[in-house]
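For the single chain, residues carry numbers from 1 onward in sequence order. As a basis for the values below, the full set of heavy atoms in this structure was taken, side chains included, without hydrogen atoms, waters or symmetry mates. Counting starts at 1 for both ligands and their atoms, following the listed order.
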Amino acid sequence: MQQLCNRRILLGISGGIAAYKSAELVRLFKRAGADVRVIMTQGAMEFITPLTLQALSGNPVHHALLDSEAEAGMGHIELAKWADVLVIAPASANLLARLAQGMGNDLLTTVCLATEAPLCIAPAMNQAMWRDPMTQANLKRLQDAHGKNLTLVGPNAGEQACGDVGPGRMVEPEQIAQATANLFETGLLAGLHVVLTAGPTREAIDPVRYISNHSSGKMGYALAEAARDAGAKVMLISGPVNLPAPDRIELVPVNSALDMLAASMATLGKCDVFIASAAVADYRVVQAADHKIKKSDDDIHLSLTKNPDIVATVAAHTERPFTVGFAAETQNLEQYARNKLVQKNLDIIVANDVSKSHIGFNSDDNAAKVFWVDGQRQFDVMSKRQLAKQLIKLIAGQINSKNK
Ligand code: C5P
C-alpha cells in the first residue's frame, strides 16, 4: 500500500455496527504513511467514540456542520479541499439515500457535495435493507452521477450482526485500504527520504547587496512535489525564490552556497536520494563587508573565491545517497554533461540546453536529456510539472536497477 504514503485521507463514518472496524481502517491508513482525518455522523458516534478515532488518527474528529468553533478550525470547504480521497466506511442505507438525493444536511454529506476528491464507499447494512429496491436505486443513482470517481467496495455476503445471513456485511478494513490505495498511481519512492536543492544562491557583497542569478526554482519545486506524490518524504533546501512553500514538504530556506552546503551535509545518513537542481553561485565575495559600502568616485574591485561544489561534496561522502545533478549548457550538451556525471560522481545528470530562450531558466516549460553511465533518455519540451513526474519515474527506475 505504498501509494498511500503522504496521502490525505478523509474517512467518513456513518451509523452502523461495522463502525468499530473503522478504527482498524484508520490504523492501516496511518501505518501506510497517510495523514487521516475523520468525519463522524451523529449515528456513528452512537457506535464508537470520537476519542478512539482521534487517538488513532492523531487529529481531532469532525462531526458538526453548524458549529462556529469547528468551522473556525477546519470547516467543510477546507476539509473538502484538503482530501486526496474521501472514504466512507461504513456507509449506511440512510447515508446512501441522503447522498443520492444530493443532500447536505450534516457535515459528511456536505463535504461529499463540496469535494472533488474521488469517493470510495464501503456499504454496510442488514441484508434486507441492502436488497431493498430503494437502496439499490440510490446506489445506482450515485454511481451514475459520479461515474469513475466513485469506487464501491463490497458489501460481502455472510452472517450479520443481527443474525441474518446475506449480502450487506462491510468488507474487511484491509480490503478497503487496498481499494483506496489502488486509486493512486504510484508509490515509486515510498519510504525514501529525498533531499533537493533548488533556486539560486545569494552571495553577499555587503548587508544590502549580493551576487545571484536568474534561477526561478520552478524545476526544483516541481521535482519536490513529484517526489512527494511518488510517496517520498521530501526536504527542499531552497535559495530565495518567489514560489509558495509546497504542501507536505519540509522547506529549509537558505541564502548562500555555504548555507546550502551545510543544510545538505546535515541530511547525510538519513538521505536516500539527493537531487541538486539549485543554480549555485560559482563564486562568493572573499570577505563580505559588515557595513554598506559607500559610493565613491573610485572603481571598486571585488575579490571572489570559488564556492564548494555541493553536489560533488555530497556524492563524495561515505554516506553517499543516490545522487542526481543538473547541467545547463549552451553547446556540446552530451559531452559536457557526461564529463560532469563522472567528475561529480553522480548517478544521473539532467542536461538542459539553455541556448533556447523559451525553455529553462524562469520558463514554465523545459526539455531535457538525461544521462547515466550506461544509458540516456531524451524528454522533449513539456511543462516543468510533467517533466518532473517523468524524471522522478526515471530516477526511481534507476534506483531499482542499482539495488538489484
Ligand atoms: O558545474 P555546474 O555548475 O554546471 O554543475 C551543475 C550541477 O552541480 C547542478 O546539479 C548544481 O546544483 C550542482 N552544483 C552544486 N554546487 C556548486 C555548483 C553546482 O551543487 N557549487
Q: On the ring face of Phe371, is Arg338 found with NZ or CZ under 6.0 Å from the centre and within 45° of the axis?
A: no
Q: Going by an N to O cut-off under 4.0 Å, is there a salt bridge joining Asp364 and Lys384?
A: no
Q: Identify, chain by chain and in numerical order, each protein residue with a heavy atom under 4.0 Å from an atom of ligand 1.
A: Ala276, Ala278, Val280, Pro308, Asp309, Ile310, Val311, Gly325, Phe326, Lys340, Lys344
Q: For Asp144, run the side-chain hydrogen bond (donor to acceptor under 3.5 Å, both in side chains) check against Lys140, His146, Arg141 and tell me which one passes.
A: Lys140
Q: Quick one: does any side-chain atom of Asp84 pair with a main-chain N or O of Ile9 as donor and acceptor, under 3.5 Å?
A: no
Q: Going by an N to O cut-off under 4.0 Å, is there a salt bridge joining Lys21 and Glu172?
A: yes
Q: So does Leu25 get a backbone contact from the side chain of Ser22, meaning a donor-acceptor N/O pair under 3.5 Å?
A: no
